[in-house]
Amino acid sequence: MSSVTHLLPEQRLNLVAESNLPTEFGDFRLLVFHWEDDAAHPELSRQHLALVRGDISDKDDVPVRIHSECLTGEVFGSLKCDCRGQLVAAQEWIAANNYGIILYLRQEGRGIGLANKIKAYALQEQGADTIEANLKLHLPVDARQYDVAAAILRYLHVFSIKLLTNNPEKMQRIQELGITIKERIPTIVAANRFSLDYLRVKQSRLQHHIPNEALTVRDPNTNKP
Ligand SMILES: [Zn+2]
């Protein structure tokens, strides 16, 4: 039996490093946390990040993006998903508004890990959609957990937020963990011909708030229809 199941959230979370981080979007402070979690997929990192801009402690309605890692999109510029576009949009929004937080959670592939995500991509090449592919692999459609996000926000003395998201389930789960969401700020990324089916599934079957105009296919280089 796992020993960590008896730990309180604040006992599972440790700040292990922090430093300033100048970025192309502006200046941030990067905090690295370790989160004890025996239940997470063994391939996933236990180190989660908070990218903070401005003085956010004890403020109300702090803008927050809770973002799950997507190596293929964020490092290699994969066009199969909108993860990188959402991360960039959030970082730009927070820089422009001069304060806020990006929580970067190491939940690659909606929590199933990189290798399983690529196996699911291979099944999608044979016609499965993102949900069917996970089910064929006997994996959950969405294995993401947000308890670490709530624990980091509490650590930072942030209790009420504006959440940058299109995902109503994420909003509900964050609120169930005791964080008040005052407002939703949409993060709209236009579809390209590789991401269109994925975004349609997110809109129709996962009930994400994606406006129909975002589902007009655009050239990823020119952003024109
Ligand atoms: Zn992605």
Side-chain angles (χ1 to χ4, degrees), residues 23-25 40-41 43-51 64-94 101-137 139-146 148-149 163-171 173-174 184-211 214-221 223:
T23 76
E24 62 185 274
F25 308 100
H41 192 284
E43 197 183 274
L44 298 175
S45 172
R46 269 60 177 162
Q47 291 189 339
H48 305 277
L49 309 170
L51 193 62
V64 176
R65 166 79 187 161
I66 298 175
H67 189 89
S68 296
E69 177 173 26
C70 173
L71 183 134
T72 47
E74 291 154 9
V75 175
F76 300 124
S78 162
L79 296 173
K80 282 179 66 68
C81 59
D82 59 345
C83 305
R84 182 170 185 275
Q86 289 204 69
L87 181 61
V88 167
Q91 213 173 331
E92 285 176 342
W93 196 96
I94 286 169
I101 306 167
I102 292 172
L103 297 181
Y104 188 84
L105 309 182
R106 312 299 292 284
Q107 316 193 84
E108 178 68 55
R110 294 197 300 261
I112 61 174
L114 181 61
N116 282 326
K117 180 170 95 168
I118 302 307
K119 286 180 190 171
Y121 278 3
L123 288 172
Q124 288 169 34
E125 286 175 1
Q126 296 160 26
D129 70 25
T130 184
I131 293 175
E132 293 159 356
N134 283 33
L135 296 177
K136 277 190 180 178
L137 291 167
L139 292 166
V141 172
D142 191 343
R144 287 177 295 183
Q145 298 292 330
Y146 298 105
V148 63
L163 191 62
L164 287 92
T165 187
N166 304 321
N167 182 349
E169 193 198 334
K170 189 189 287 181
M171 296 183 69
R173 290 176 61 191
I174 297 295
R184 181 180 74 85
I185 299 166
T187 54
I188 305 302
V189 177
N192 65 61
R193 66 191 172 94
F194 303 100
S195 68
L196 181 62
D197 287 347
Y198 170 73
L199 294 178
R200 279 194 177 133
V201 168
K202 269 188 163 182
Q203 184 202 49
S204 64
R205 295 180 60 194
L206 302 174
Q207 279 79 46
H208 285 213
H209 297 294
I210 297 174
L215 298 179
T216 303
V217 171
R218 287 168 189 271
D219 183 308
N221 294 315
N223 204 30

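These figures come from a predicted structure and were not determined experimentally. For reference, positions follow the sequence shown, starting with 1. Whatever order the structure lists ligands and atoms in, that order sets their numbers, starting from 1.
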Practice item. Just grab all the salt bridge (charged side-chain N to carboxylate O under 4.0 Å, His left out) pairs involving residues 67-79, residues at least two apart or on different chains. Key: Glu69-Arg106
Using atom types as modelled, flag every donor-acceptor pair under 3.5 Å from a side chain in residues 121-128 to any protein atom, sequence neighbours excluded.
from   : atom 1 : to    : atom 2 : distance (Å)
Gln124 : OE1    : Lys80 : NZ     : 3.3

Point to revise | Spatial distance of atom NZ (Lys119) from atom CG (Leu114) [nearest 0.5 Å] | key: 11.0 Å
Exercise for review: Evaluate the side-chain contact (heavy atoms from CB on, under 4.5 Å) criterion for residues Ile66 and Thr165: first the C-alpha distance (whole Å), next the side-chain angles of each, then the deciding distance (0.1 Å), finally the verdict.
Suggested key: CA-CA 8 Å; Ile66 298 175; Thr165 187; over 6 Å; no
Check your understanding: Do the side chain of Gln145 and the main chain of Ala40 share a donor and acceptor less than 3.5 angstrom apart?
Key -> no
Revision key, fill the gap. Across all chains, not counting sequence neighbours, the side-chain hydrogen bond (donor to acceptor under 3.5 Å, both in side chains) partners of Gln86 are Arg65, Asp82, Thr187
Study note, to complete from the structure: Report for the Zn ion (ligand 1), protein N, O or S closer than 2.8 Å, by chain and number, lists Cys70 SG, Cys81 SG, Cys83 SG
